[in-house]
Amino acid sequence: MLTKTQIRRALDQMGELFPEAHCELVHENPFELVIAVALSAQCTDALVNRVTKNLFQKYKTPEDYLAVTLEELQEDIRSIGLYRNKAKNIRNLCALLLEEYNGEVPKDRDELVKLPGVGRKTANVVVSVAFGIPAIAVDTHVERVSKRLGFCRWKDSVLEVEKTLMKKIPAEEWSDTHHRMIFFGRYHCKAQAPKCGECPLFDLCREGSKRMKKGLIQYAK
DNA sequence: CTCCCGATAT
DNA sequence: ATATCAGGAG
């Protein structure tokens, strides 16, 4: 496990590598963001954006999603995968928004997770990105980076990872940190071919030295 | 724990 | 051919 100081240095390095780190899901309001994040489960942001470009022109309000058949909505999102579950979730989410929340996206995480298809990770993205409330959404990238670098323990659940990060990082930096870690994980510390050979954090990374011994490291240029 | 699932990188 | 993708529900 890294110390607070080592974590600080690691996050600063990520900030230098990706100063422009931000939410890459295209959206214009909290409602669109909820839909986009719910669609993004086990699917790339690029693919979600390709679908929502048309989706958000066709469906502007919760009522719009309820006005078509389930089959039509399925076809509109088919290319992102898991489309039957996601279409059903979106419809039920819209119905619940209209019934319980006056058609508006709640700003509270505990209310957000009551929406179908919205778990803790999605709720954290929404409160953080749409409403500016400090949160750390632990997705596949944040979890992988945290475990490889040693921000947390290998056996930690995603909830434990989130708690550990919140304990070691000041609240005002949670949102920035989470985007930096996502960019770092998505473009540098990738799941399949991590760029350990050109990584400024190699010296403090336990996964890097492990890969070095196994001869797995690719040195770019 | 399993299932949902198409697109893309490796 | 297989692994992975801003996970969530049963």
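These numbers were taken from a predicted model, which means no experiment stands behind them. In what follows, chains are A, B, ... by sequence order, proteins preceding strands, each numbered from 1.
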Cationic N near anionic O, under 4.0 Å, [X] to [Y]:
X: E173(A); Y: R180(A); value: no
X: E24(A); Y: R186(A); value: yes
X: K163(A); Y: E160(A); value: no

In whole Å, I'd like the distance from the [atom1] atom of [X] to the [atom2] atom of [N].
X: L82(A); N: dC5(C); atom1: CG; atom2: P; answer: 14 Å
X: D45(A); N: dA6(C); atom1: CG; atom2: C1'; answer: 5 Å
X: I182(A); N: dG7(C); atom1: CD1; atom2: C1'; answer: 13 Å
X: L47(A); N: dA6(C); atom1: CG; atom2: P; answer: 10 Å
X: I80(A); N: dC5(B); atom1: CD1; atom2: P; answer: 10 Å
X: Y187(A); N: dC5(C); atom1: OH; atom2: C1'; answer: 12 Å
X: Q74(A); N: dC5(B); atom1: CD; atom2: C1'; answer: 12 Å
X: L39(A); N: dC5(B); atom1: CG; atom2: P; answer: 13 Å

Taking the minimum atom-to-atom distance to the side chain of [X], which one of [options] wins?
X: Q42(A); options: dA6(C), dG7(C), dA7(B); value: dG7(C)
X: Q192(A); options: dC5(B), dA3(C), dG7(C); value: dA3(C)
X: R78(A); options: dG6(B), dT4(C), dT10(B); value: dG6(B)
X: S79(A); options: dC4(B), dG6(B), dT8(B); value: dG6(B)

With a 4.0 Å cut-off on heavy atoms, is A191(A) in touch with a base, just the backbone sugar-phosphate, or nothing at all? sugar-phosphate
Members sharing M1(A)'s hydrophobic cluster (side chains within less than 4.5 Å):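 Reading the cluster by chain and number, M1(A) sits alone, since nothing else belongs.
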Separation of the P atoms in dA7(B) and dG8(C), to the nearest angstrom: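 The same atom, P, in both gives a distance of 22 Å.
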Pairwise P distance, dA6(C) and dT2(B) [rounded to whole Å]: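 My reading of the P atoms in dT2(B) and dA6(C) gives 23 Å.
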Does the side chain of [X] reach to within under 4.5 Å of the side chain of [Y], using non-hydrogen atoms?
X: M166(A); Y: I136(A); result: yes
X: Q6(A); Y: T3(A); result: yes
X: R120(A); Y: V158(A); result: no

Examine [N]: is either OP1 or OP2 under 4.0 Å from a nitrogen or oxygen in the side chain of [X]? Give yes or no.
X: T140(A); N: dC5(C); value: yes
X: K190(A); N: dT10(B); value: yes
X: R50(A); N: dT8(B); value: yes

Provide a list of protein-nucleic acid N or O atom pairs under 3.5 angstrom, restricted to nucleotides 8-10 of chain C.
residue : atom : partner : partner atom : Å
dG8(C)  : OP1  : G119(A) : N            : 2.9
dG8(C)  : OP1  : T122(A) : N            : 2.9
dG8(C)  : OP1  : T122(A) : OG1          : 2.5
dA9(C)  : OP1  : G117(A) : N            : 3.0

May I ask you to check whether H188(A) and F183(A) place their ring centres under 6.0 Å from each other? no
